[in-house]
Amino acid sequence: MTNLSSAPRTQTPRMRPRFGWFSDRWIAVSFLTPTMLLLLFMTVFPLIWSLYLSFTEWSVARNTREAPVWVGTQNYVDLLTNERTWERFVVTGQFVVPAVVIELVLGFAVAMLLNRKFAGRGALMTGLLIPMMLSPVVVALFWRFMMQGDGVLNYYIEAVLGVPPVQWLTGRSVALWSLVLVDVWMWTPFMMLISLAGLSAVPKYLYEAAAVYRASAWFRFRHITLPMVTPLLLIAIIFRMMDAYKLFDQAFVLFGLGGGPGRSAQTAALYIYQVAFDQFNTGEGSALGYIMLVVIIALANIFIRVLNQAKTGQ
Amino acid sequence: MLRRILFWLALALVIFYFAFPLYWIVISSFKTIADVTRATPAMLPFVDFQQTLANYSSILLGTNIESETGVQAAASLGEFRERLLNSVIISGISTALAVGMGTLAAYAFSRFRIPGEGDLLFFILSTRMLPPVVVLIPIFLFFSNLGLRDSYLGLIILYTSANVPFVVWMMKGFFDEIPLEYEEAAMVDGYSRIEAVWKIVIPEAIPAMAATAVFSAIVAWNEFVLSNLLNRNYASTVPPYLNSIVGVGQVEWGRLAAAAVLFVIPIIVFTFLVRNHLLRGVTFGAVRR
């Protein structure tokens, strides 16, 4: 309970308050309406519209004058029976899973490293968090600069390691990993931040008790640290997976819509953009967008179920 | 002793990995055209290369850059200033609108009993989880028909609606932490609820609103896809502009670096200002400690 006397002091009140005729009900309605209307207009309405468009054959560039032609589920059938659609989702998975796993491991490791007192810790923390606040476009542009054939990365790889240069942006098998590298640079700080929050919340007495029983470092980590931090980490993983799944900017800047050599780095988001705004197949693009939406909802649901199981299991 | 050495060694590696790209951007922005693409990378100003402010003056003042191959035209880089101004106006106004609207809605969610409150809040959150590509097509059509493409208003509306869910969730968390007794005491003293909100609750929430505003502003400031797709020229912001310079012919990395540094400085300042709220900010208020 809060002590009433701690409330900020108010000026001498008037006998008849202004705006007294505004009932709470009225206030609730008028406070909520602008936000709800905006979101209704900018998300629900477009969602319905694109659902309709996904059942039509139409192009915003070629046949603007004509009405969209209803084709039923044709777009979905075409897309789902086309191998190339599946390839795009596989490529997306091949990017998302390694990126999130590396970010998790590296972020957690850095958090363990920083979870102690040393001089300059605060400044260092703030500095390490800068990458995720930067514009993805700027980040990707500069990695592109560094990853060029004769760029600074290759120079040091050759000069210091004596290994032949890596074709970061043009090698078929490397391109997607370059994207992972950029994403890891940008988003490991996010994992670190959340891990650190988890670590600092583990009660000290647990470790003290473990010390009394001379538990090994591995035992302390496995049976105290990890279980205490896991719930937070799962939240972090969900956030990162969702964002990585719809990632567009970095991939676009590094490889363009085509997704690099032989489409090896063309993720689903790039592909939709290409279909909808480069080839201007509006109907097909909408259908693809919906497929992407259904996939993410399904994945998120599975993941949340796992999360709840993990929570109740402990 | 060994442990301490290992600790500092590991720390040095981590710092190197995260700091090197930033260091590289900054020094590139001070290099001449010849130095920036030199085969042997020049690492240290004063030692490896002669630093110059030419890139910055070229971008900000539109002056020409001299080089061994003759005078390089200042091209259209005067555009950078216009783009920067657009970015400031659009992210500024959209942030103010999002924070204003979202704070009111958050107050209502925090203090009143609203039918279907949980569902409404989830709906608000889900709009942010949506892959933007899905709503992009209708918005593109819709903006084309209404003449909102390439206009300040169009982007402001979009960025406001992109940030409002975040503001609602963040501010609801903050309001939940302000004791109900504050307003009740004021209302017992004879204030109406509107007055209590305006004179008691909002002043209490100002620091939280400021932190929320900073996060929203960074999102709008960094946004690329919408601005790239919907703008041709007039209302275009910095990120699509930076990307477009790379697309054309030989890239002038020096000037690009200078532009990127200027564009990024406000974000670094802002990050520093909200460093204590970062955890909350990046998790939609889900994690509070």
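Computed from a prediction, not measured in an experiment: that's the story for all the values here. To find a chain, count down the sequence lines: A is the first, B the second, and so on, and within it residues start at 1.
In this structure, A:Phe31 has its ring center no closer than 6.0 Å to that of B:Phe112.
B:Asn222 places a side-chain N or O within 3.5 Å of a backbone atom of A:Met133 that can act as its donor or acceptor partner. Between the side chain of A:Thr35 and the backbone N or O of B:Met101, at least one donor-acceptor pair lies under 3.5 Å. When atom types are taken as modelled, the side chain of B:Trp24 and the backbone of A:Trp143 share no donor-acceptor pair closer than 3.5 angstrom.
In this structure, no portion of A:Val295 lies under 4.5 Å from any heavy atom of chain B. Heavy atoms closer than 4.5 Å to chain B are found nowhere in A:Ile48, neither backbone nor side chain. Looking at A:Leu114, only its side chain comes within 4.5 Å of chain B, counting heavy atoms on both sides. Interface remark: A:Pro34 contributes backbone and side-chain atoms alike to the contact with chain B (heavy atom separation under 4.5 Å). With a 4.5 Å cut-off on non-hydrogen atoms, A:Met186 does not touch chain B at all. With a threshold of 4.5 angstrom between heavy atoms, A:Val44 approaches chain B through side-chain atoms but not through N, CA, C or O. At a 4.5 Å heavy-atom cutoff, the contact between A:Val253 and chain B is made by backbone and side-chain atoms alike.
Applying a 4.5 Å heavy-atom cutoff, the residues of residues 146-153 of chain A that approach chain B are A:Met146, A:Gln148, A:Val152.
Contact annotation: the side chain of A:Ser135 never approaches that of B:Val264 to less than 4.5 Å [non-hydrogen atoms, C-beta and beyond]. Two residues are said to be in side-chain contact when any heavy atoms from C-beta on lie closer than 4.5 Å; B:Leu120 and A:Met36 meet this criterion. A heavy-atom distance below 4.5 Å is found between the side chains of B:Leu11 and A:Leu124. Contact annotation: the side chain of A:Phe41 never approaches that of B:Ser161 to less than 4.5 Å [non-hydrogen atoms, C-beta and beyond].
Relative orientation of the A:Phe280 and B:Phe140 rings is tilted, given thresholds of 30° and 60° on the angle between their planes. In this pair, B:Phe224 and A:Phe252 present their aromatic rings tilted. The plane angle is within the 30 to 60° band.
Most heavy-atom pairs under 4.5 Å with chain A: of the set B:Leu158, B:Ile218, B:Ile139, this distinction falls to B:Ile139. Each of A:Val29, A:Ile272, A:Ile130, A:Leu39 has some count of heavy-atom pairs under 4.5 Å with chain B, and the biggest count is that of A:Leu39.
Residue pairs meeting the side-chain hydrogen bond (donor to acceptor under 3.5 Å, both in side chains) criterion with at least one partner in residues 231-253 of chain A, sequence neighbours excluded, are A:Glu103-A:Arg240, A:Asp183-A:Arg240.
B:Leu278 contributes atom CG, which lies 5.5 Å from atom CE of A:Met132 (distance to the nearest 0.5 angstrom). Distance CZ/B:Phe18 to CG/A:Leu129: 9.5 Å, rounded to 0.5 Å.
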